[in-house]
Colleague: 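Mind looking over this structure? Questions follow.
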Amino acid sequence: MDKIEYEGTVWAINHGLPQPLLDHCIKKLVDYGVKKEDIQITDAPSDVKVGTIVVDVYPYHIEVGRVRTTRNDSYISGSIMIIELKADPEGKYID
């Protein structure tokens, strides 16, 4: 399993997703070497710098990206890893 190399805050982008999904996202990021206290869940990260890790959360995977460019309050990131999220038949996240 690859580890996510990062410094500072890891931003997990949440657009109204359910708490069990966000909790599983945090667990998976910790599995990949991110300290729980470094993960910030938000709908709009602030003070993002080049090199920062941003995580887009989707129902069945999370996409980990590294910021390449910032302009005003916007950033452009490139994907470095996709982590699959698995659920049982009842929809409970597993693994």
Side-chain angles (χ1 to χ4, degrees):
M1 177 186 317
D2 293 335
K3 296 290 183 187
I4 298 171
E5 294 183 25
Y6 74 98
E7 289 182 17
T9 302
V10 172
W11 297 98
I13 311 302
N14 173 23
H15 295 288
L17 300 167
Q19 193 61 47
L21 173 57
L22 298 173
D23 293 342
H24 192 62
C25 172
I26 291 170
K27 178 206 174 295
K28 293 305 286 183
L29 290 172
V30 169
D31 289 348
Y32 280 80
V34 178
K35 294 179 184 172
K36 188 173 183 176
E37 59 269 15
D38 292 340
I39 302 168
Q40 181 70 42
I41 296 177
T42 183
D43 63 347
S46 60
D47 194 31
V48 177
K49 298 188 181 346
V50 172
T52 299
I53 296 294
V54 291
V55 179
D56 289 309
V57 183
Y58 300 100
Y60 299 105
H61 73 276
I62 55 178
E63 185 171 344
V64 181
R66 188 175 305 279
V67 173
R68 299 183 313 208
T69 305
T70 60
R71 191 174 305 134
N72 299 324
D73 289 332
S74 299
Y75 63 88
I76 297 171
S77 64
S79 179
I80 59 172
M81 177 186 301
I82 294 177
I83 301 170
E84 183 181 358
L85 302 177
K86 297 177 184 174
D88 65 15
E90 288 81 37
K92 181 179 176 192
Y93 289 98
I94 56 175
D95 76 338

Colleague: With sequence neighbours excluded, what pairs up with Leu17 under the side-chain contact (heavy atoms from CB on, under 4.5 Å) test?
Modeller: Asn14, Leu21, Leu22, Val57
Colleague: Residues in salt bridge (Lys or Arg N to Asp or Glu O under 4.0 Å) with Lys27, at least two apart?
Modeller: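 Only Asp31 meet the salt bridge (Lys or Arg N to Asp or Glu O under 4.0 Å) criterion with Lys27.
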Colleague: In the single-linkage hydrophobic clustering (I, L, V, M, F, W, Y; side-chain heavy atoms under 4.5 Å), do Val50 and Ile80 co-cluster?
Modeller: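 Hydrophobic grouping puts Val50 apart from Ile80.
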Colleague: Tell me every residue that passes side-chain hydrogen bond (donor to acceptor under 3.5 Å, both in side chains) with Tyr75, counting only those two or more places apart in sequence or in another chain.
Modeller: none
Colleague: Would Val10 end up clustered with Ile13 when hydrophobic side chains under 4.5 Å apart are linked, directly or stepwise?
Modeller: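 No, because Val10 and Ile13 fall into different hydrophobic clusters, even though each may have its own neighbours under 4.5 Å.
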Colleague: What's the shortest heavy-atom distance between Gly65 and Ser77, and which atoms?
Modeller: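 For Gly65 versus Ser77, the nearest heavy atoms are C-CB, 4.4 Å.
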Colleague: How long is the gap from CD1 on Ile53 to OG1 on Thr9, to the nearest 0.5 Å?
Modeller: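 Output value for this atom pair is 11.5 Å.
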Colleague: Contact between Ile39 and Val55 at the side-chain level, heavy atoms closer than 4.5 Å - yes or no?
Modeller: no
Colleague: Using residues 87-95 as the side-chain source, report each donor-acceptor pair under 3.5 Å to any protein atom, sequence neighbours left out, with the distance given to one decimal.
Modeller:
from	atom 1	to	atom 2	distance (Å)
Asp88	OD1	Glu90	N	3.0
Asp88	OD1	Gly91	N	3.0
Asp88	OD1	Lys92	N	2.9
Tyr93	OH	Pro59	O	3.0
Asp95	OD1	His24	NE2	3.1
Asp95	OD2	Lys28	NZ	3.4

Colleague: Tell me the side-chain hydrogen bond (donor to acceptor under 3.5 Å, both in side chains) pairs involving residues 34-45, sequence neighbours left out?
Modeller: Tyr6-Asp38
Colleague: State the CD-CD1 distance between Glu84 and Ile82, to the nearest 0.5 angstrom.
Modeller: 10.5 Å
Colleague: Show, in sequence, the C-alpha distance, side-chain angles and deciding distance for Val64 and Ile4, and conclude whether the side-chain contact (heavy atoms from CB on, under 4.5 Å) test is met.
Modeller: CA-CA 9 Å; Val64 181; Ile4 298 171; 4.1 Å; yes
Colleague: Tell me, which pairs form a side-chain hydrogen bond (donor to acceptor under 3.5 Å, both in side chains) where one or both residues lie in residues 49-64, sequence neighbours left out?
Modeller: Asp47-Lys49, Glu63-Ser79
Colleague: Which atoms form the tightest heavy-atom contact between Ser46 and Trp11, and what is the distance?
Modeller: O-CZ2, 3.3 Å
